[in-house]
Amino acid sequence: MSDEPLLVEDTLLLLFQPDSGTIAGENILFYVLGGAVLADLALAGRVEVERGLSTRVRAAGAGEAPDPLLQPALSSLSEKAQDIQTVLAGSGPLLRGPVLDRVVARGDLQRTEGKVLRFFPTTKITLASDRRASLIRNVRAALVDGEEPSARTAASIALLSASGTLPQFHAEIPWGTDVYTRAKALESGDWGAAAASSAVVRTMNAVIMNTVIAATVLPRL
């Protein structure tokens with residue numbers, strides 16, 4: 001695996017709720033993780049968007065994906081350009097287990113197996129490093145303190161906002177009108193100077209916006 005954690009790994013780590021040992025937004029997690037994988041590929045310059053009647057994404061560059069976790073999505077896009085929401089629906093449902101395994105392998109989460117009443121298997125997940133706390137500080141700086149986030153942090157916030165879980169972070173990121181407004185601005189592509197200066201960020205922006213549509217509209221159909 002890559003030396004530096006992927007955005008999809010950090011997104012899952014952010015969604016982990018230490019008090020309950022659960023992952024927030026499970027009902028639409030596959031859309032959120034699928035969007036994070038496409039954002040990772042965009043950061044690596046391995047996907048680009050086509051503009052038309054719908055927003056399609058296609059593979060770019062040559063060779064294998066920069067990380068094996070990203071390869072299935074890239075392989076699918078290498079065959080033909082696809083609507084972003086189609087990619088999310090195709091790759092997202094397969095990601096939770098492998099991404100969680102990766103975060104555990106990095107030592108950021110710990111998974112403990114046990115049994116209830118000596119018969120029923122249980123799994124307890126707990127924090128095992130301070131990486132999540134560092135990520136939360138970056139998110140808080142953007143949403144509470146009004147600092148301009150990096151493209152990676154902006155993508156993380158947009159994905160959290162798309163998942164509808166930000167109010168659950170109230171103990172760490174006080175929920176209110178300002179936080180809501182800043183998060184929605186990032187969802188809609190207002191990423192400040194970084195978005196205007198980088199074609200890669202513009203691709204990420206399109207991916208995030210389509211992830212938001214998938215996460216907030218499609219599950220209700």
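Because the structure is predicted, anything quoted here is derived from the model rather than measured.
Heavy atoms only, all atoms of each residue included: S76 and Q82 are closest at OG-NE2, 2.7 Å. Closest non-hydrogen pair, R152 versus P5, comes out as NH2-O, 2.6 Å. The two residues A206 and I84 have their closest heavy-atom pair at O-CD1, 3.9 Å. Of all non-hydrogen atoms in R132 and F169, the two that sit nearest each other are NH2-CE2, 3.5 Å. Contact detail for M204 and A39: the closest heavy-atom pair is CG-O, 3.9 Å. Contact detail for G34 and L88: the closest heavy-atom pair is C-CD2, 3.3 Å.
By the side chain to side chain contact (heavy atoms under 4.5 Å, CB included) test, E64 is found to be paired with Q71, residues two or more places apart in sequence or in another chain being considered. In this structure, the side chain to side chain contact (heavy atoms under 4.5 Å, CB included) partners of L95, at least two apart in sequence or on a different chain, are L33, V37, V99.
A 4.5 Å side-chain heavy-atom check between L109 and L127 finds at least one atom pair inside the cut-off. Two residues are said to be in side-chain contact when any heavy atoms from C-beta on lie closer than 4.5 Å; L100 and I125 meet this criterion. Taking the side chain as every heavy atom from C-beta outward, T165 and V32 never approach each other to under 4.5 Å. Here the side chains of S163 and I28 are in contact, with some heavy-atom distance below 4.5 Å.
M209 and V207 are members of different hydrophobic clusters when ILVMFWY side chains are connected at heavy-atom separations under 4.5 Å. Residue I157 is grouped with residue Y180 when hydrophobic side chains (ILVMFWY) are merged at heavy-atom distances under 4.5 angstrom, including chains of intermediate members. Follow the hydrophobic side-chain contacts under 4.5 Å out from V104 and you reach L69 in the same cluster. F16 and I136 fall within a single hydrophobic cluster, where Ile, Leu, Val, Met, Phe, Trp and Tyr are joined by side-chain heavy atoms under 4.5 Å apart, directly or via other members.
A donor-acceptor pair is defined here as one N or O able to donate and one able to accept, closer than 3.5 Å; no such pair exists between the side chain of R131 and the backbone of D108. Between the D145 side chain and the E147 main chain, no donor and acceptor come within less than 3.5 Å of each other.
If you take CD on E50 and CG on D83, they are separated by 11.0 Å, rounding to the nearest 0.5 Å. Atoms CG and CG, on N205 and N210 in that order, are 10.0 Å from each other to the nearest 0.5 Å. Distance CG/L160 to CG/L15: 5.0 Å, rounded to 0.5 Å. Distance CG/L70 to OG/S91: 10.0 Å, rounded to 0.5 Å. Note that OG1 of T11 is 11.5 Å distant from CD1 of I23, once rounded to the nearest 0.5 Å. Rounded to the nearest 0.5 angstrom, H170 NE2 and I173 CD1 are separated by 11.0 Å.
Applying the side-chain hydrogen bond (donor to acceptor under 3.5 Å, both in side chains) test to every pair with at least one member in residues 95-106, sequence neighbours left out, gives these pairs: E9-R102, E9-R106, E26-R96, D67-R102, D101-R111.
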I'd like to know whether D40 forms a salt bridge (Lys or Arg N to Asp or Glu O under 4.0 Å) with R46, so could you lay out the CA-CA distance, the side-chain angles of the two residues, the decisive distance to 0.1 Å, and finally the verdict. CA-CA 9 Å; D40 272 314; R46 297 307 310 275; over 6 Å; no
Pair L77-R58, side-chain contact (heavy atoms from CB on, under 4.5 Å): steps then yes or no: CA-CA 5 Å; L77 290 169; R58 63 188 178 196; 5.9 Å; no
Walk me through whether Q110 and T112 qualify under side-chain contact (heavy atoms from CB on, under 4.5 Å). CA-CA 7 Å; Q110 179 176 330; T112 305; 3.6 Å; yes
Going through the distances and angles, do L186 and S161 end up as a side-chain contact (heavy atoms from CB on, under 4.5 Å)? CA-CA 9 Å; L186 292 170; S161 185; over 6 Å; no
Would you please test S156 and L135 for side-chain contact (heavy atoms from CB on, under 4.5 Å) and show each step? CA-CA 9 Å; S156 295; L135 296 171; over 6 Å; no
